[in-house]
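Keep in mind the model is a prediction, meaning the values are calculated, not measured.
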Amino acid sequence: FARNKNRMMERENIAVGLDIGTTKIVAMIGKKNEYGKLEILGVGKAKSLGVHKGIVNNISQTISSIKAAVAEAQSSAGVPIHKVTVGIAGKHIRSLQHSDYIMREKPDRFITDDDIEALKDQVKKLVMLPGEEIIHVLPQEYKVDSEGEIQEPVGMHGKRLEANFHVVVGQMGSIRNIARCVREAGLEMEALTLEPLASSEAVLTKEEKEAGVAIVDIGGGTTDIAIFKDNIIRHTCVIPYGGGIITEDIKEGCSIIEKHAEQLKVKFGSAVPELEKDSTFVTIPGLHGRPDKEISLKTLAQIVNARVEEILEMVNTELKAYGAFEQKKKLIAGIVLTGGGSNLKHLRQLANYTTGFDSRIGFANEYVANDKNQYLKGPEFATSIGLLMESLKIRDKKPVAIEEEEIEMKAEEKLAPAEKDMMGDETQTVVQLPTQEPQVVQKTGSSKPTFGQSLMEKVKKFFEEVE
């Protein structure tokens, strides 16, 4: 029954994205509507308790948070969840450039997807540092027989197929921990995707990727960066600071509890102190009968500004490492800020000033068809929507297998009565297979056809009916 439900889910092309973040865990169920747009069926959100700076540090708490988010998503969508596409981030993630080639055995035939997969598999055999594992092998541009700068080699002829790759690497332990949490929560991990790549799916346009753009996803525990130019991924990295550290600073600087610090940051926080008045104060209730505290909004903005500037300086360092200030690699579309941290007031202005690039806030519902009440507009949903889109892409690549399963199911349905007749038949059966010697079934108490024989019978009958 569960398998049938799974098939039903696949046939309807329903996909699930699971974002295991530092502050929250989001499960999002969706599908593509008849116009090819993304339609969200259900969203589940739970507080993340076992994740620190993008890395799982408490398995049991993470499992219960995943279960809570998934249960909420299932009840709002009315669809069971089995397979999920999961995001990964954390300071252990690093990326490198690598170039590799294969010599094709049959150069007279044109290049197919299988050749590209063979080339990718070769890159996956790269020797990494101890305890590291390759997460993504992303082709940038191809070369066919010394003919360079090819974006799509499928259909071309040639013997030597070469490519430059962007390889994303992570710690094996962290990857295993995420996989275990997902498995223990009763789910199957369909794919593991780097979170900045997922966010870029949700908020960037094709034109921006073509012109050159950096997506900066400021989450609770990490800030993820992905840089695109000429529609190709050029650089990815994860900075181990996010919105959570700003809350920590407010807590320390104002001597207040974390809950109040978080509320202050969200409601009154600003990244530019000069735009705040000296005379505006916020009153924080005292703990257990202690007197209330008054905090100046300018002081608050100064605390926030110091940390945000530090994060943006790190972003700048990564942009320089890629070479974004060189003429050829220039990011014409600038920076797109997304993630929960990008909700901070005046962050865009500070980013423009610090990096020198034009920036905009990337809202998560740019590709969503049915978000009338703008619930999913918040940049904090960018990663989960991106993971959902990634999951749908994987489904689009697998229609053949699903169609075959459907044919099998139809055959089973049509032949169910016939099968019952065959099973009830007590006589001796002799089935002649087309290419083999006649197989005589030995007499037993009740001589039933073997599994292979009954399958052949079904297939024969099914094709006769089709004809």
Side-chain angles (χ1 to χ4, degrees), residues 23 196 199-200 202-205 207-209 211-228 237 239 241-250 253-254 261-282 295-322 324-325 330-366 374 377-383:
T23 48
S199 305
S200 66
V203 301
L204 296 184
T205 63
E207 289 83 10
E208 283 177 322
K209 287 184 184 177
V213 67
I215 180 165
V216 178
D217 181 345
I218 306 170
T222 59
T223 296
D224 312 332
I225 301 171
I227 299 174
F228 292 84
C237 78
I239 296 168
Y241 297 112
I245 202 160
I246 300 171
T247 308
E248 277 289 312
D249 288 352
I250 297 170
C254 302
E262 181 65 28
Q263 287 171 339
L264 264 184
K265 180 186 77 175
V266 172
K267 287 185 181 167
F268 305 104
S270 163
V272 185
E274 288 76 20
L275 296 173
E276 296 300 321
K277 292 192 184 95
D278 278 327
S279 54
T280 319
F281 287 80
V282 181
I295 293 162
S296 150
L297 285 193
K298 188 146 196 166
T299 309
L300 179 67
Q302 281 163 348
I303 295 169
V304 172
N305 169 269
R307 186 60 81 178
V308 174
E309 266 191 356
E310 188 188 349
I311 292 171
L312 289 172
E313 280 303 330
M314 289 178 178
V315 171
N316 232 354
T317 308
E318 291 297 334
L319 295 176
K320 279 180 187 150
Y322 156 69
F325 299 95
K330 202 168 182 204
L331 303 177
I332 295 163
I335 293 174
V336 175
L337 298 159
T338 190
S342 63
N343 283 322
L344 187 66
K345 203 164 63 175
H346 305 312
L347 177 67
R348 204 171 63 85
Q349 289 87 321
L350 186 64
N352 288 353
Y353 176 72
T354 310
T355 60
F357 285 107
D358 207 22
S359 55
R360 73 171 177 94
I361 304 293
F363 294 111
N365 63 352
E366 289 175 32
Q374 299 289 303
K377 187 179 181 180
E380 61 268 26
F381 290 114
T383 304

Distance in Å, I361 CD1 paired with K377 NZ, rounded so as to fall on 0.5 Å steps: 11.0 Å

Enclosure of K298 NZ (heavy-atom neighbours >12, cutoff 6.0 Å): yes

Backbone N/O of S359 and side chain of R348: donor-acceptor pair under 3.5 Å: yes

Side chain to side chain contact (heavy atoms under 4.5 Å, CB included) evaluation trace for V336 with L204: CA-CA 8 Å; V336 175; L204 296 184; 3.6 Å; yes

Close side-chain approach of I215 and I225, heavy atoms under 4.5 Å: no

Student check: side-chain heavy atoms of K277 and L297 closer than 4.5 Å: no

Euclidean distance, E380 CD relative to N343 CG, rounded to 0.5 Å: 5.0 Å

Test item: side-chain donor near acceptor, N316 and T355, under 3.5 Å: no

Polar side chain donor-acceptor pair, D217 to T338, under 3.5 angstrom: no

T222 side chain to D224 backbone, donor-acceptor under 3.5 Å: no

Heavy-atom closest contact (V203 atom, R360 atom, distance): O-NH2, 2.9 Å

T354 side chain to A351 backbone, donor-acceptor under 3.5 Å: no

Exam field: side chain D249 to backbone V304, donor-acceptor pair closer than 3.5 Å: no

For C254 against I295, the heavy-atom pair lying closest together: CB-CD1, 3.7 Å

Approximate separation, where rounding is to 0.5 Å, of E310 CD and Y241 OH: 6.0 Å

Closest non-hydrogen atom pair, L347 against G341: CD2-O, 3.7 Å

R307 and I303, any side-chain heavy atoms less than 4.5 Å apart: no

Expected output: side-chain K265 to main-chain G243 donor-acceptor under 3.5 Å: yes

Over all atoms of both residues, closest heavy-atom pair of E366 and A202: CB-O, 4.3 Å

Distance (rounded to the nearest 0.5 Å) between I227 CD1 and L319 CG: 5.0 Å

Separation between CG of L350 and OG of S270, rounded to the nearest 0.5 Å: 9.0 Å

Atom CZ of F325: over 12 foreign heavy atoms under 6.0 Å: yes

Distance-minimising heavy-atom pair for G362 and P379: O-CB, 3.7 Å

Contact check, side chains of L300 and F268, non-hydrogen atoms, under 4.5 Å: yes

Shortest non-hydrogen contact from A271 toward L344: CB-CD2, 4.0 Å

Identified side chain to side chain contact (heavy atoms under 4.5 Å, CB included) counterpart of F357 within the set V315, L331, I332, V213: L331

Min side-chain heavy-atom separation E276-H346 under 4.5 Å: yes

Test item: T317 side-chain N/O and E313 main-chain N/O as donor-acceptor pair under 3.5 Å: yes

L312 CG to I218 CD1 distance, which is reported to the nearest 0.5 Å: 6.5 Å

Minimum side-chain heavy-atom gap D358-I335 below 4.5 Å: no

